[in-house]
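Presented below is the structure to which this report refers.
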2 protein chains.
Amino acid sequence: MGQAAAAQVSANDGALSAKRGAILTGASEIFLNVGYGAASMDAIAQAAGVSKQTVYAHFGAKDTLFEAIIQQKCDDLLAPASAMEEDCRDVAVVLRDIAERFINAILSPENMRLFRAIVGESTRFPELAEAFYRAGPRKAADGLAAYLEAVNERRELCVANPKRSAELFFAMLRNDLYMRRVLGIDRSFDQNEAAPLVDQAVRAFIDAHRCEET
Amino acid sequence: MGQAAAAQVSANDGALSAKRGAILTGASEIFLNVGYGAASMDAIAQAAGVSKQTVYAHFGAKDTLFEAIIQQKCDDLLAPASAMEEDCRDVAVVLRDIAERFINAILSPENMRLFRAIVGESTRFPELAEAFYRAGPRKAADGLAAYLEAVNERRELCVANPKRSAELFFAMLRNDLYMRRVLGIDRSFDQNEAAPLVDQAVRAFIDAHRCEET
DNA sequence: GTCTATAAAAGGATAGAC
DNA sequence: GTCTATCCTTTTATAGAC
């Protein structure tokens with residue numbers, strides 16, 4: 001019996017994060033699909049393939065589990081960060097590059113579901129809403145602002161207020177499409193819809209920041 | 001007994017919409033403040049000042065009540081509609097006017113709460129999400145597109161695709177501020193924050209649609 | 001139509017064995 | 001750590017008197 005117990009303990013130690021990982025995965029699935037309110041702990045346990053008590057053993061309660069999930073997803077958003085101040089290609093090319101990456105990121109089904117879940121509970125979990133904002137929109141705008149400042153010094157464009165201009169650029173990219181996707185009106189992830197938005201935004205942005213050539 | 005019954009019936013007829021109105025008001029308050037999931041029928045009945053059974057007598061169930069409320073709010077959005085194709089003032093002036101009305105409308109606490117409630121339940125109630133989109137963003141863009149078409153024919157601006165340009169204009173106005181408000185990060189309804197956005201959007205829009213003066 | 005009281009079910013959280 | 005079985009609160013919805 002002692003041996004059996006020891007074997008089981010070591011097995012548990014070895015698989016320390018196995019169950020925990022399963023819970024995180026299952027809970028993500030449920031929370032992001034149906035939102036906080038409609039997600040039941042039973043459904044989460046079932047999706048994770050563990051018992052409900054195991055879920056409670058790892059995370060104390062439903063709200064802390066939700067916070068852990070969402071916080072992790074927000075941190076993942078921070079990952080693809082790259083400095084672009086040094087990028088010396090033509091401004092239009094760089095902007096187009098940034099635009100395509102941005103629009104693919106925000107329109108991804110993953111990000112859509114995350115955003116919906118956070119908006120729905122922004123009153124109950126204000127910290128999560130702020131974490132999302134910082135990891136997503138804020139970080140993107142800061143990165144672009146740094147690039148625009150360099151562009152301004154190189155006299156390639158005339159950017160009086162980099163932060164404001166960066167926010168404008170991303171706002172133009174979200175356009176109506178982001179709204180439609182958030183509302184679930186456009187279900188498909190149609191690449192062809194996004195391409196014209198990139199064109200439009202880059203062109204309009206450059207027109208609005210062209211240096212006066214008196 | 002026949003007389004008493006008749007009297008009661010007529011009394012009920014007279015106050016037919018009194019209780020119903022109270023329910024609509026109370027339910028709006030609850031639903032828009034805490035969302036569909038967190039709203040209990042008890043809380044709604046209490047807010048309306050009626051018994052729970054009265055709520056069920058008027059609206060069969062929680063979801064139909066929610067639909068009735070949200071649908072009504074969306075219809076209210078449609079009310080302030082005015083044709084502006086005929087407005088012959090300077091384009092910059094008209095756009096500024098449109099911009100200010102738009103930004104005040106979408107940033108109003110009322111609209112914010114409506115939007116959050118709809119987004120949170122866009123999976124469960126897709127029709128409501130679509131109703132909101134049509135009554136709000138879609139309708140605003142259509143109205144501006146009609147105006148831009150007239151402007152284009154008058155050669156005041158060069159607008160190749162009125163619908164696309166209209167969507168761009170409103171996207172520029174939402175900017176980062178709409179996102180922050182939706183997430184509940186900016187709590188206050190600060191007018192001073194919106195004014196620079198109007199400036200920026202009108203200027204950028206005109207720059208991007210200026211007719212070539214070869 | 002409106003109320004009070006109650007049924008019926010779902011869901012968050014815990015107890016105790018292993 | 002993990003499971004099965006259970007508790008208890010909340011919540012939707014209904015019954016029946018007036």
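We name chains A, B, ... by the order of the sequence lines, and we start the count at 1 in each one. What you see below is based on every heavy atom in this structure, not just the backbone, and it leaves out hydrogens, waters and symmetry mates.
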- Under a 4.0 Å heavy-atom criterion, the protein footprint on nucleotides 4-16 of chain C, written with B, S and -, is B------SBBBB-
- Message: Main chain of B:E100, side chain of B:N104: is a donor-acceptor contact present, judged purely on distance under 3.5 Å?
- Response: yes
- Message: Check whether A:S28 reaches the backbone of A:L24 with its side chain - one donor and one acceptor, N or O, closer than 3.5 Å.
- Response: yes
- Item | Gap between atoms CD and C1', on B:Q46 and D:dT10 respectively (whole Å) | 15 Å
- Looking only at atom types and distance, does a side-chain atom of B:N175 sit under 3.5 Å from a main-chain N or O of B:L177, one as donor and one as acceptor? no
- Query: Pairs in or reaching into residues 59-72 of chain A: which pass side-chain hydrogen bond (donor to acceptor under 3.5 Å, both in side chains), with residues at least two apart or in two chains?
  - Reply: none
- Can you tell me how far P of D:dT12 sits from CG of B:L65, to the nearest Å? 11 Å
- Message: Is the phosphate of D:dC3 approached by A:T54 (side-chain N or O, under 4.0 Å from OP1 or OP2)?
- Response: yes
- Note on the structure: Tightest non-hydrogen contact, residues A:L148 and A:S165, listed as CD1-CB, 4.0 Å
